[in-house]
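In what follows, every chain begins at residue 1, and chains take the letters A, B, ... in the order their sequences are listed.
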4 protein chains.
Amino acid sequence: MHEERSKPGRPRDRAADDTIRKAALKLVRERGYRNVAITTIAREAGVARQSVYNRWATKADLVLDAVFEDTGRNAEPASPTPDISCRMHLEAFLERVFDHIGSDGGTLRALIAAAQEDPDFQNAFRERFVKPREELVTRLLIEAQDRGELPRWADPDLLSAMVHGTFWYRLLNGHDLDHGLAREIAASVFR
Amino acid sequence: MHEERSKPGRPRDRAADDTIRKAALKLVRERGYRNVAITTIAREAGVARQSVYNRWATKADLVLDAVFEDTGRNAEPASPTPDISCRMHLEAFLERVFDHIGSDGGTLRALIAAAQEDPDFQNAFRERFVKPREELVTRLLIEAQDRGELPRWADPDLLSAMVHGTFWYRLLNGHDLDHGLAREIAASVFR
Amino acid sequence: MHEERSKPGRPRDRAADDTIRKAALKLVRERGYRNVAITTIAREAGVARQSVYNRWATKADLVLDAVFEDTGRNAEPASPTPDISCRMHLEAFLERVFDHIGSDGGTLRALIAAAQEDPDFQNAFRERFVKPREELVTRLLIEAQDRGELPRWADPDLLSAMVHGTFWYRLLNGHDLDHGLAREIAASVFR
Amino acid sequence: MHEERSKPGRPRDRAADDTIRKAALKLVRERGYRNVAITTIAREAGVARQSVYNRWATKADLVLDAVFEDTGRNAEPASPTPDISCRMHLEAFLERVFDHIGSDGGTLRALIAAAQEDPDFQNAFRERFVKPREELVTRLLIEAQDRGELPRWADPDLLSAMVHGTFWYRLLNGHDLDHGLAREIAASVFR
DNA sequence: GAATAATCGAGACGGTACGTCCTGTCTTCAA
DNA sequence: TTGAAGACAGGACGTACCGTCTCGATTATTC
């Protein structure tokens, strides 16, 4: 039944959650992750600093959460349909990802960077962001093997890492990610 | 003729350069990039803090420089010999890189992270660290095409990005890099 | 009604005010104004450095405040009683001041010096320290005129400046201030 | 014969002495003693920092010297002439001093302040600046006693300290020194 | 309805690191 | 030996954040 046992005391203001997330996202996009202090986010959201700490342990957690609220969707779809080849599916997935990164790449880069400096955050980031996307591609490649589009001896896990690794590498080194790259990667996997 | 015009004023103590670099490297390995302050490095090196600021603008610059002094070598060799296949060359190169990362991976991760937060540093990092290694692999793959080990239609640039991207991706997500992975990547490229 | 509206936020630790002042005074007496850093005062008081900056803008402000807490009293009394001549009152006042300066003259000299280098501090110093003492003597001299101890044509303001100026001059040039000087000054004024 | 034995090596550039003094005086007048660094003076004079240290031990020494070069004259004259009363002499002396302070009071205040913070400088300042002026007034008052302008029971030393102390006190507390004050002080002494 | 308890805005707290500035000494080359 | 230049050790400065804490006020649940 999932009965929501309400605790005693003043309940948390749920509306503030979103206000803070929005403020965080806005500031991170404007000034870059590093140049945004929690104090600044709280002020922008019109909220006490403690109210931020009540909800998220670190800045990285908060920003990760904020990015999700905004981009959580684009990991879900891509359920392969029979009429379209898996290669096209992969290409379409990459195009969607690249489009999003185009407008918000700096934030992703900041999150990857933050993950290198904080083990806890790295864990959260991998579980909630990296893994779902990686597995999505892995499943797609297994489907491709089932359909005969990809040879059996290929290793879907490794290929998935190569796919993501390729655009991470480009992204982290300051390149733009365009649809051409999406096509090339897909071609290279399914050559 | 490259005449070495000595500037006026007391010359910098060249020995200190190295002492500082060594101190930086030691501390970063022991405590992690984030947990090392410039003050600490200066103290460890037995040097005034200003002497550090005289040489490097930021901690990232210093550490990058220190890592070079230590690892600059392993980007140079790998001149392909005719009696060994390019695939074996690539595998050997990756094994060497992975061995080094095994003992010093945290530092590389920290440098990649730092590059995401500082455009100037990103540039230096790419020019002095990333590019040489990327081009080394690219040249190796072109040699492979010349020898007929790799099909003409493959794109060496993209493949090189995939090779590096793959182990960056693994590294950045907390995986260990072992010789098995080196073999798998090489196999995947030359399949 | 002087309603004490409590400001929002965590209130300042009023006890710390005093701890810091005491630490400042102690260190300044031991080592001299110049040789005491704010960091040292904070450490001595067992307080964060920021907590000092939260209360006082400069070292001089802090020390001025500290000296007050300690010496604020000796500007107040000296309410002239009819049975004692104004000259004796002046002499007693000067003796009291000189006694205090005997143990703490270095601090007063440092404050006068600090006032020469910072207009804001000069203002605070004059309003809170110099003026009250100057006016005390001025009033005493006016009372003396009323009693007929001092001729009407004397200028109490100027005489007060001469009284203070004389021992400032001695103090600033490294002389000791003893009761003999107190007597001589009083005699000179009431000759 | 006072033969000037010329030392071996490059002789000191005598012209630089003056250039440095002028630069020091200029900067101290513009920005105030505290806000001028030796580095700044050296740069303004177009001279190496060491060249300053070669000539003066401290900033205070240098500035003291510079002020002398400029004001040394006005302590010398005032040899009392029989046709003018000592009181008029004193008044004239004070007027001259006040005129000079009017344009350069900040520097004197800075020197007095510096003397409070450095015993060596205090000594130099007293011997070379304070004493001559104090004794000048003392001698003038003795002459006055000889002439019968001042009673025998007055103490010239104390009166001289009162005279100087009065305008020091005014000066150090930010008052202007005008001819009116000169007259009042002289009148008060000779009343 | 009173007691209890968590949240809110606000801001002080102990800390840590930063990058700048200045001092007085030392070291180089050239005059 | 001096001069210009500039590096050196050392240390204080004031600022910026961090994550914790302490207020009084508010808003809910529990007794």
Side-chain angles (χ1 to χ4, degrees), chain A residues 5-14 16 34-43 45-55 57-59, chain B residues 5-14 16 34-43 45-55 57-59, chain C residues 5-14 16-17 34-43 45-55 57-59, chain D residues 6-16 34-40 42-43 45-55 57-59:
Chain A
R5 284 293 288 113
S6 68
K7 287 179 302 179
R10 177 173 176 173
R12 215 168 257 173
D13 180 357
R14 279 300 143 197
R34 201 61 192 277
N35 304 316
V36 176
I38 289 192
T39 310
T40 324
I41 296 175
R43 202 183 310 128
V47 133
R49 205 143 50 92
Q50 185 60 52
S51 297
V52 178
Y53 284 109
N54 281 345
R55 293 165 166 79
T58 67
K59 185 171 56 161
Chain B
R5 282 296 290 113
S6 74
K7 285 182 306 179
R10 177 173 175 175
R12 245 179 222 159
D13 181 355
R14 282 301 146 198
R34 205 62 195 276
N35 304 315
V36 175
I38 289 190
T39 310
T40 323
I41 296 175
R43 201 185 310 130
V47 134
R49 203 149 49 95
Q50 185 59 50
S51 296
V52 177
Y53 284 110
N54 280 345
R55 287 153 222 268
T58 66
K59 188 170 51 161
Chain C
R5 282 295 290 118
S6 75
K7 286 181 305 179
R10 175 174 176 174
R12 282 227 175 110
D13 181 355
R14 281 300 146 200
D17 293 28
R34 204 62 195 277
N35 304 315
V36 175
I38 290 190
T39 310
T40 322
I41 296 175
R43 201 184 309 129
V47 133
R49 202 147 50 94
Q50 185 59 52
S51 297
V52 178
Y53 285 111
N54 280 346
R55 286 154 222 268
T58 67
K59 188 170 53 161
Chain D
S6 70
K7 285 179 301 179
R10 176 171 173 175
R12 210 170 260 173
D13 179 357
R14 281 297 143 201
R34 202 60 190 278
N35 304 315
V36 176
I38 289 191
T39 310
T40 324
R43 200 184 311 128
V47 133
R49 204 142 51 90
Q50 185 59 52
S51 298
V52 178
Y53 284 110
N54 281 345
R55 293 166 167 78
T58 67
K59 184 171 56 162

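- From D:Arg49, atom CZ reaches atom OG1 of D:Thr39 across 4.5 Å, with rounding to the nearest 0.5 Å.
- Dashed line: the shortest gap from a side-chain N or O of C:Asn54 to OP1 or OP2 of E:dG11 is not under 4.0 Å.
- Between the CG atom of C:Asp13 and the P atom of F:dT22 there is a distance of 11 Å, given to the nearest Å.
- The distance between atom CZ of B:Arg14 and atom P of E:dT27, rounded to the nearest whole Å, is 17 Å.
- The nearest whole Å value for the distance from the CZ atom in B:Arg55 to the C1' atom in E:dG19 is 17 Å.
- Across all non-hydrogen atoms, the minimal contact from A:Arg34 to B:Arg34 is NH2-NH2, 2.8 Å.
- Taking only side-chain nitrogens and oxygens, D:Ser51 comes nearer than 4.0 Å to OP1 or OP2 of F:dA4.
- A salt bridge does not link C:Asp17 with C:Arg12: every distance from a Lys NZ or Arg NE/NH1/NH2 to an Asp or Glu carboxylate oxygen is 4.0 Å or more.
- The separation between B:Ile41 atom CD1 and E:dA17 atom P is 11 Å, rounded to whole Å.
- With a 4.5 Å cut-off on side-chain heavy atoms, C:Arg55 and C:Ser51 count as touching.
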Produce the list of close N/O pairs, under 3.5 Å, pairing protein atoms with atoms of nucleotides 18-20 of chain F; give distances to one decimal.
{"residue": "F:dC18", "atom": "OP2", "partner": "A:Ile38", "partner atom": "N", "Å": "3.1"}
{"residue": "F:dG19", "atom": "OP2", "partner": "A:Tyr53", "partner atom": "OH", "Å": "3.2"}
{"residue": "F:dG19", "atom": "N7", "partner": "A:Arg49", "partner atom": "NH1", "Å": "3.2"}
{"residue": "F:dG19", "atom": "O6", "partner": "A:Arg49", "partner atom": "NH2", "Å": "3.3"}

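- If A:Val47 and A:Pro8 are placed on DNA chain E by their nearest nucleotide, the residue sitting closer to the 5' end is A:Pro8.
- Across the protein-nucleic acid pair, C:Asn35 atom CG and F:dG10 atom P stand 18 Å apart, rounded to whole Å.
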